[in-house]
Amino acid sequence: MADYKNEFGWFAPKPTVEKKIYSLKAVAVGLGIFLVVFGAPLLLNMGQVHPVPQPSLDTPAIQKLAEKERQCVEPTEWMRANHMQLLWDWREQVVRTGERYYTTSQGKKVLASLSNNCMECHSNKSQFCDQCHNYVAVAPNCWGCHLPKEQNVAKAEGK
Amino acid sequence: MNFAQRHITVALAAVLGLIAVAYVGVQGNLQLLFGVVVPYLALLLFFEGIIYRVIKWARSPVPFKIPTTAGQVKSLPWVPRTLGDKLDNPESKAWVIGRMALEVLAFRSLFRNTRTELVSDPKYPEKARLVHWSYKWLWLGAIAFHYAFLIIVLRHLRFFFEPTPQAIALLSEIDGFWQFFIPTFYLTDIIIVLALLYLLGRRLANANLRYLTLASDYFPLFLILGIVSTGILMRYFFKTDITAVKQLVMGLVSLKPVIPAGISPLFYVHLFLVCVLLAYFPYSKLLHAPGVFFSPTRNLPGNNRWELHVNPWNYPVKFHPYMEYEDQFRDAMYEAGIPVEKEPEAAVAEEE
């Protein structure tokens with residue numbers, strides 16, 4: 001006890017403040033909203049299993065190739081992260097300079113074309129491109145102009 | 001090194017150190033630590049810290065309502081009150097919610113910010129004039145930063161849900177409506193950088209503010225600048241496999257952590273800085289986010305005139321009422337000719 005005096009005299013018991021949560025209802029509602037909003041990703045996903053996208057390489061053109069030749073224009077790892085940049089660069093190059101060929105990092109010359117090169121092998125847009133694009137919610141505007149071949153094929157077969 | 005330089009150096013060194021820690025750690029194959037352990041730890045600290053703080057604040061009694069907020073308080077019926085008065089000096093809970101919403105969503109207090117400066121008087125060049133003027137730049141910088149940050153956080157939710165909610169995809173599309181650069185350039189990316197640079201520059205340019213600004217003010221600015229710049233670098237320049245990134249995040253939120261291959265160290269630096277921000281949040285000035293809801297000038301209605309607010313720490317006070325005082329000094333008062341309530345004779349008779 002401190003050297004303390006109040007109206008009740010020396011060393012009188014100190015006035016105490018009630019220990020409680022003031023406006024408990026409002027605080028509980030606020031904390032509840034905070035926990036639900038910030039915990040939503042955890043609460044909604046907890047324990048669930050989400051299939052990992054598996055871009056399929058099973059197309060006639062790829063099957064035809066020998067095991068050794070099954071290689072994209074650049075290494076797979078690099079393509080996974082940077083294919084959009086490559087396609088963008090190709091577009092600029094072809095449209096602005098008219099140069100239709102691209103020299104790969106291995107020194108090979110390939111046709112710089114989405115429809116006529118990429119999609120020759122990867123003719124399965126829904127099994128290949130869309131797998132990851134849907135997974136990470138990317139909506140590339142390639143398909144505004146380029147028709148995915150599989151649609152045409154399906155249409156032709158339907159007739 | 002002067003005061004400001006010392007504080008800047010400490011904060012900058014801390015952020016650069018954190019970047020180096022994450023980078024070196026991931027180079028040393030500590031992906032499990034920086035991809036799983038640290039994020040969980042940071043989240044734990046974040047939630048624990050905020051709940052602790054909010055409960056601690058809620059336990060503090062408010063002694064009195066502050067009646068002097070701006071705006072005419074509700075008074076006699078013929079005293080005019082505008083909508084602004086009602087919002088600034090609310091009479092009921094509903095209006096308090098209005099004031100709070102205005103504060104939280106539109107930063108009302110910052111909008112009212114004024115600046116006081118000594119400027120030279122063109123009439124008397126040897127004298128200076130004290131001028132108060134409305135200063136909206138801080139409000140603009142703050143609101144641009146906060147909303148850009150909010151949109152960026154919401155955009156990142158595409159990594160936290162499978163499938164991605166339509167609203168999040170739509171928000172990203174609106175944010176990237178320019179369709180410029182590849183991957184699509186987001187408007188909020190440049191807004192947040194400019195706002196942060198303004199908020200930092202503001203503290204550096206003004207001598208008064210430089211004196212008030214401590215390492216704990218620079219640190220969050222540098223930290224968020226670090227997060228933003230690593231994010232921008234990763235999105236536009238040194239790309240990483242974001243499918244693998246989403247696998248990592250989905251593993252974290254479904255409590256089945258995985259470390260997919262093919263994620264660049266830059267991502268781990270970005271993630272580590274975000275974790276530091278989360279862990280730092282509840283123990284720093286960044287707590288103004290929940291704190292604004294506990295501001296007595298924002299959350300209490302201005303109804304002092306018709307509702308009694310009792311101080312929770314009131315304790316029984318020993319009063320000395322007038323009649324006791326008069327009983328004590330009646331004779332002396334009477335002798336001195338001071339008027340008394342009871343004449344001495346009447347008092348004596350009453351006692352008997």
Side-chain angles (χ1 to χ4, degrees), chain A residues 6-9 12-24 26-28 30-31 34-35 38-55 76-89 91-92 131-141 144, chain B residues 43 46-47 50-51 54-55 57-62 155 157-166 168-169 172-173 179 181-184 236 238-247 249-256 258 260-262 264 290 293-294 299 311-319:
Chain A
N6 63 17
E7 294 92 324
F8 309 101
K14 273 187 186 178
T16 50
V17 184
E18 199 185 348
K19 289 257 185 220
K20 66 162 191 179
I21 295 181
Y22 294 88
S23 39
L24 180 66
V27 172
L31 268 182
F34 161 71
L35 287 177
F38 281 76
L42 264 177
L43 297 173
L44 293 174
N45 288 308
M46 211 157 34
Q48 286 188 22
V49 183
H50 298 282
V52 174
Q54 300 285 352
T76 311
E77 281 302 303
W78 190 90
M79 286 302 283
R80 276 205 180 131
N82 296 289
H83 60 278
M84 70 297 281
Q85 189 72 51
L86 187 77
L87 290 170
W88 172 273
D89 290 344
R91 191 188 78 177
E92 307 275 278
Q131 285 285 313
C132 295
H133 287 165
N134 290 345
Y135 186 62
V136 293
V138 169
N141 52 12
Chain B
L43 274 180
F46 176 73
F47 282 110
I50 293 221
I51 292 170
V54 164
I55 289 179
W57 283 334
R59 282 161 66 97
S60 318
V62 177
R155 260 192 1 231
L157 288 182
R158 72 178 167 134
F159 292 109
F160 290 81
F161 293 105
E162 174 56 33
T164 306
Q166 280 296 309
I168 301 301
S172 311
E173 212 170 296
Q179 301 213 334
F181 204 68
I182 188 98
T184 310
Y236 302 107
F238 306 104
K239 299 186 180 69
T240 190
D241 178 4
I242 58 166
T243 308
V245 169
K246 180 152 185 180
Q247 283 174 37
V249 178
M250 290 308 294
L252 285 176
V253 291
S254 57
L255 301 182
K256 289 175 182 155
V258 281
S264 69
F293 295 102
F294 286 89
N299 68 8
N311 179 359
W313 71 66
N314 268 354
Y315 51 87
V317 176
K318 214 177 174 185
F319 295 110

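Letters A, B, ... mirror the listed sequences (proteins, then strands); counts begin at 1.
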Colleague: Pick one of side chain, backbone, both or neither for B:Ile168, based on which atoms fall under 4.5 Å of a heavy atom in chain A.
Modeller: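 The answer is neither part of B:Ile168.
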
Colleague: Counting heavy-atom pairs under 4.5 Å to chain A, which of B:Val258, B:Ile50, B:Ile55 comes out on top?
Modeller: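 Among B:Val258, B:Ile50, B:Ile55, the one with the most close pairs to chain A is B:Ile50.
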
Colleague: With sequence neighbours excluded, what pairs up with B:Pro163 under the side-chain contact (heavy atoms from CB on, under 4.5 Å) test?
Modeller: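 Partners of B:Pro163 by the side-chain contact (heavy atoms from CB on, under 4.5 Å) criterion come out as none, since no residue qualifies.
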
Colleague: Would you mind checking which part of A:Pro41 comes under 4.5 Å of any heavy atom in chain B, side chain (CB onward), backbone (N, CA, C, O), both or neither?
Modeller: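 Contact with chain B is through both the backbone and side chain of A:Pro41.
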
Colleague: Measure the shortest side-chain to side-chain distance between A:Tyr22 and B:Val62 over non-hydrogen atoms and say whether it is less than 4.5 angstrom.
Modeller: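 No, every pair of side-chain atoms sits at 4.5 Å or beyond.
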
Colleague: For A:Leu44, is it the side chain, the backbone, both or neither that has a heavy atom under 4.5 Å from a heavy atom of chain B?
Modeller: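 The side chain, not the backbone.
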
Colleague: For A:Gln85, is it the side chain, the backbone, both or neither that has a heavy atom under 4.5 Å from a heavy atom of chain B?
Modeller: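 It is both, since atoms from each part get that close.
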
Colleague: What part of A:Leu31 gets within 4.5 angstrom of chain B, counting heavy atoms only: side chain, backbone, both, or neither?
Modeller: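 Contact with chain B is through the side chain of A:Leu31 alone.
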
Colleague: Checking B:Trp57 now: which residues fulfil ring pair (Phe, Tyr, Trp, His ring centres under 6.0 Å) with it, not counting sequence neighbours?
Modeller: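 If we apply the ring pair (Phe, Tyr, Trp, His ring centres under 6.0 Å) test to B:Trp57, skipping adjacent residues, the hits are B:Phe294.
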
Colleague: Which heavy atom of A:Gln48 sits nearest a heavy atom of B:Ser254, and at what distance?
Modeller: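 Closest pair (atom of A:Gln48, atom of B:Ser254, distance): O-CB, 3.3 Å.
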
Colleague: Below 4.5 Å from any heavy atom of chain A, which atoms of B:Lys256 appear? Answer side chain, backbone, both or neither.
Modeller: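 For B:Lys256, the contact with chain A is made by the side chain alone.
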
Colleague: Is B:Gln179 in contact with chain A via its backbone, its side chain, both, or neither, using a 4.5 Å heavy-atom distance?
Modeller: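 The side chain, not the backbone.
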
Colleague: Quick check: closest heavy atoms across A:Val27 and B:Ala58, and the distance to 0.1 Å?
Modeller: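 Scanning both residues completely, I find the closest heavy atoms to be CG2-CB, 3.7 Å.
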
Colleague: Minimum heavy-atom separation for A:Trp88 to B:Ile182, with atom names?
Modeller: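 The answer is CG-CG2, 3.1 Å.
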
Colleague: Who among A:Pro51, A:Gly39, A:Ala137, A:Pro140 has the most heavy-atom pairs with chain B under 4.5 Å?
Modeller: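 If we count pairs closer than 4.5 Å to chain B, A:Ala137 comes out on top.
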
Colleague: With a 4.5 angstrom heavy-atom cut-off, could you sort out which part of B:Phe293 is near chain A: side chain, backbone, both or neither?
Modeller: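 For B:Phe293, there is no contact with chain A at all, as no heavy atom is under 4.5 Å.
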
Colleague: Between chain A and each of B:Thr164, B:Asp241, B:Thr240, count heavy-atom pairs under 4.5 Å; write down the option with the most.
Modeller: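 Of the candidates given, the most pairs with chain A belong to B:Asp241.
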
Colleague: I'd like to know if the side chain of A:Asn45 and the backbone of B:Met250 have a donor-acceptor N/O pair within less than 3.5 Å.
Modeller: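 Checked: no pair found.
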
Colleague: What's the separation between atom CE in A:Met84 and atom NZ in B:Lys239, rounded to the nearest 0.5 Å?
Modeller: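 If we round to the nearest 0.5 Å, A:Met84:CE and B:Lys239:NZ are 6.0 Å apart.
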
Colleague: Report which part of A:Val136 has an atom under 4.5 Å of a heavy atom belonging to chain B: side chain, backbone, both, or neither.
Modeller: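 Both backbone and side chain of A:Val136 come within 4.5 Å of chain B.
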
Colleague: Measure distances from B:Thr243 to the heavy atoms of chain A and classify the residue's part below 4.5 Å as side chain, backbone, both or neither.
Modeller: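 B:Thr243 touches chain A through backbone and side-chain heavy atoms alike.
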
Colleague: What pair of heavy atoms forms the shortest contact from A:Val138 to B:Ile242, and how long is it?
Modeller: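 Nearest pair, atom of A:Val138 first, then B:Ile242: CG2-CD1, 4.4 Å.
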
Colleague: Does any backbone or side-chain atom of B:Ser60 lie under 4.5 Å from a heavy atom of chain A? Answer side chain, backbone, both or neither.
Modeller: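 Contact with chain A: backbone only.
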
Colleague: At what distance, to the nearest 0.5 angstrom, does CG of A:Asn141 lie from OG1 of B:Thr184?
Modeller: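 So the gap between those two atoms works out to 6.5 Å.
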
